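So the structure is just underneath, and the comments pick up after that.
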Amino acid sequence: MSDLLARDAELLWHPYSSLSSPSPVRLVRGASGVRLQLDDGAGGTVEAIDAMASWWCMIHGYRHPVLDAAVKSQVDSFSHVMFGGLTHEPAIRLASRLVEITPDPLQHVFFCDSGSVSVEVAIKLALQYQVARGRVGRTRMLTVRGGYHGDTFAPMSVCDPVNGMHSLFTGALKEQVFGPQPPADFDRSMDDPELQSWADAISALAAEHSDEIAAIIVEPVLQGAGGMYPYSPACLRVLRDLADRHGFLLIFDEIATGFGRTGTLFASEHAGVDPDILCVGKALTGGYLTLAAMLCTTEVASVVSNGPGGALMHGPTFMGNPLACAVALASLNLLLSQDWAARVRSISAGLSSGLSGALELPAVKDVRVIGAVGVVQLNGPVDLPTMTDAALRRGVWVRPFRDLVYTMPPYICTPGDITTITEAIVGAVEEAG
Ligand SMILES: *Cc1c(COP(=O)(O)O)cnc(C)c1O
């Protein structure tokens with residue numbers, strides 16, 4: 001096993017990694033339910049609850065019999081066919097299901113391989129829409145600070161310009177219009193003065209740049225990798241009004257928040273606001289295969305389809321991959337066949353009570369919980385290897401970033417698993433924070 005890890009260090013990029021000073025990685029021997037089996041470096045294995053659900057994805061846990069069966073059965077039928085000129089039942093059934101469960105106006109589906117690509121396609125669609133409407137010059141996106149929308153170039157351009165990756169790529173990225181970050185906290189009403197001044201600021205910006213802006217793009221209610229930051233649904237109503245007033249499209253990136261994570265099936269439901277374009281990914285396949293989707297309204301689809309070019313100009317090689325669609329359909333059906341909202345509420349309650357003690361620790365600045373997401377924010381940057389080790393010794397896998405130790409556990413976690421997770425996080429922060 002030390003041979004394997006040595007080869008890994010020589011050969012492989014990991015996410016946001018350096019090859020000259022690679023941070024430690026652990027070898028996974030197996031995974032089932034909510035647990036990873038990790039090589040302990042001494043010929044044995046050590047088990048840890050995956051408090052990250054493999055970055056939001058693995059909502060039903062590892063090796064779920066229903067999802068395993070869906071993949072196997074599709075393999076026995078066919079694993080892939082090109083989507084140009086051909087189609088298949090898994091894609092058609094999955095698209096129907098997505099249209100059924102997402103906000104009503106969303107009626108058409110574009111499948112692609114990853115969240116970032118779905119954001120690329122959403123932005124492309126918005127640009128084509130404005131061209132088709134004859135509004136030339138509307139080539140910029142309006143967004144708010146603190147966002148994260150993926151790692152390819154168009155998504156990077158709408159990530160937070162300071163904490164995102166803007167600074168390294170200055171000059172290479174499209175310069176978008178950035179409004180202030182919405183004030184923190186889910187529970188703020190429209191008459192809250194801070195929310196009101198945020199609304200004034202973003203409205204002024206929208207008016208100033210209205211001739212240049214094609215669409216607004218945000219992560220509704222919870223900013224994820226930009227800072228694990230919940231904000232009020234009232235902000236989404238402000239953005240919907242601005243889009244309607246100025247002829248922008250409204251894009252919701254629900255790649256992280258989709259499929260129940262914040263307590264409603266889609267985070268936009270907290271606000272009762274429908275986007276014109278929606279991106280979903282991550283938990284879509286229950287974490288089995290890479291797949292994302294962009295959904296849009298009939299109005300947007302028909303304007304673009306009747307515009308110059310007469311087509312949406314995108315078509316990935318692995319578009320609508322049948323294995324991914326089959327397992328995504330099985331995952332959605334599994335989710336919706338149970339009282340997922342009660343599960344998320346119970347995880348939420350467990351995270352709130354279990355993490356609240358962290359507030360008393362000197363290293364801790366803030367504790368926040370929204371849906372099945374729990375966040376402990378420290379006063380300074382986390383020492384990643386130390387914090388990871390401290391949590392692993394307590395039986396839990398976490399992957400902190402910046403000043404944030406956080407969890408978005410699989411929905412199948414028992415109350416006991418949630419207690420293990422919160423005790424490990426609080427204990428690790430106490431030891432290593
Ligand atoms: C993860 C994420 C993306 C990017 O998805 P990938 O599949 O990693 O390309 C985009 N937007 C949000 C909100 C995300 O959380």
Side-chain angles (χ1 to χ4, degrees), residues 13-17 52-59 102 110-126 141 143-161 163-166 173 176 181-182 215-231 235-236 239 250-262 264 266-268 270 275 277-295 314 316 318-319 321 324-325 327-328 331 370-373 375 399-402 404 406-408:
W13 299 104
H14 285 266
Y16 316 102
S17 69
M52 309 307 289
S54 273
W55 274 339
W56 310 87
C57 295
M58 208 43 100
I59 53 177
T102 50
F110 187 102
F111 286 124
C112 51
D113 348 42
S114 76
S116 299
V117 174
S118 76
V119 172
E120 297 275 357
V121 174
I123 291 175
K124 198 181 262 193
L125 184 66
M141 298 289 127
T143 186
V144 294
R145 287 175 190 272
Y148 175 79
H149 297 283
D151 290 345
T152 57
F153 275 77
M156 262 206 299
S157 75
V158 285
C159 289
D160 186 274
N163 291 315
M165 299 163 208
H166 253 179
L173 291 183
Q176 311 291 13
Q181 189 175 39
I216 301 175
I217 179 167
V218 292
E219 298 151 275
V221 175
L222 175 67
Q223 294 184 325
M228 304 302 292
Y229 180 93
Y231 65 90
C235 298
L236 303 178
L239 297 177
L250 182 60
I251 305 172
F252 282 169
D253 175 350
E254 296 231 27
I255 292 164
T257 53
F259 309 110
R261 187 51 75 177
T262 69
T264 51
F266 294 95
S268 62
H270 290 293
I277 300 177
L278 172 71
C279 296
V280 294
K282 289 203 163 102
L284 175 59
T285 63
Y288 270 58
L289 284 158
T290 177
L291 181 71
M294 184 279 298
L295 288 91
H314 212 91
F318 282 93
M319 186 169 185
N321 173 255
C325 289
V327 71
S331 173
I370 176 172
V373 181
V375 185
R399 182 78 180 159
F401 70 95
R402 293 202 329 243
L404 302 165
Y406 65 108
T407 173
M408 55 290 206

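Atoms within a ligand are numbered from 1 in the order they appear, just like the ligands themselves. Not measured: the values here are computed from a predicted model.
Atom 11 (N) of ligand 1 has as its closest protein heavy atom D253 OD2, 2.7 Å.
Residue H149 has at least one heavy-atom neighbour below 4.0 Å for each of these atoms of ligand 1: 10 (C), 11 (N). Residue contact check: E219 has heavy atoms under 4.0 Å from atoms 13 (C) of ligand 1.
With a 4.0 Å heavy-atom cut-off, ligand 1 is reached by the side chain of K282 but not by its N, CA, C or O. No part of W55 comes within 4.0 Å of ligand 1, judged by heavy-atom distances.
Using a 4.5 Å heavy-atom cutoff, the side chains of Y16 and D151 are in contact. Residues V221 and T264 form no side-chain contact, since every pair of their non-hydrogen atoms from C-beta on lies 4.5 Å or further apart. In this structure, the side chains of F259 and C57 stay at 4.5 Å or more apart for every pair of heavy atoms. The side-chain heavy atoms of T285 and S331, taken from C-beta on, include no pair separated by under 4.5 Å. Residues V280 and F266 have side chains in contact (heavy-atom distance under 4.5 Å, counting atoms from C-beta outward).
Between G115 and ligand 1, a contact under 3.5 Å exists for at least one N or O pair. Residue contacts with ligand 1: S116 is placed with a nitrogen or oxygen under 3.5 Å of a nitrogen or oxygen of the ligand (distance criterion only).
Each of E120, M294, H314 was compared with L125 under the side-chain contact (heavy atoms from CB on, under 4.5 Å) criterion, and only M294 meets it.
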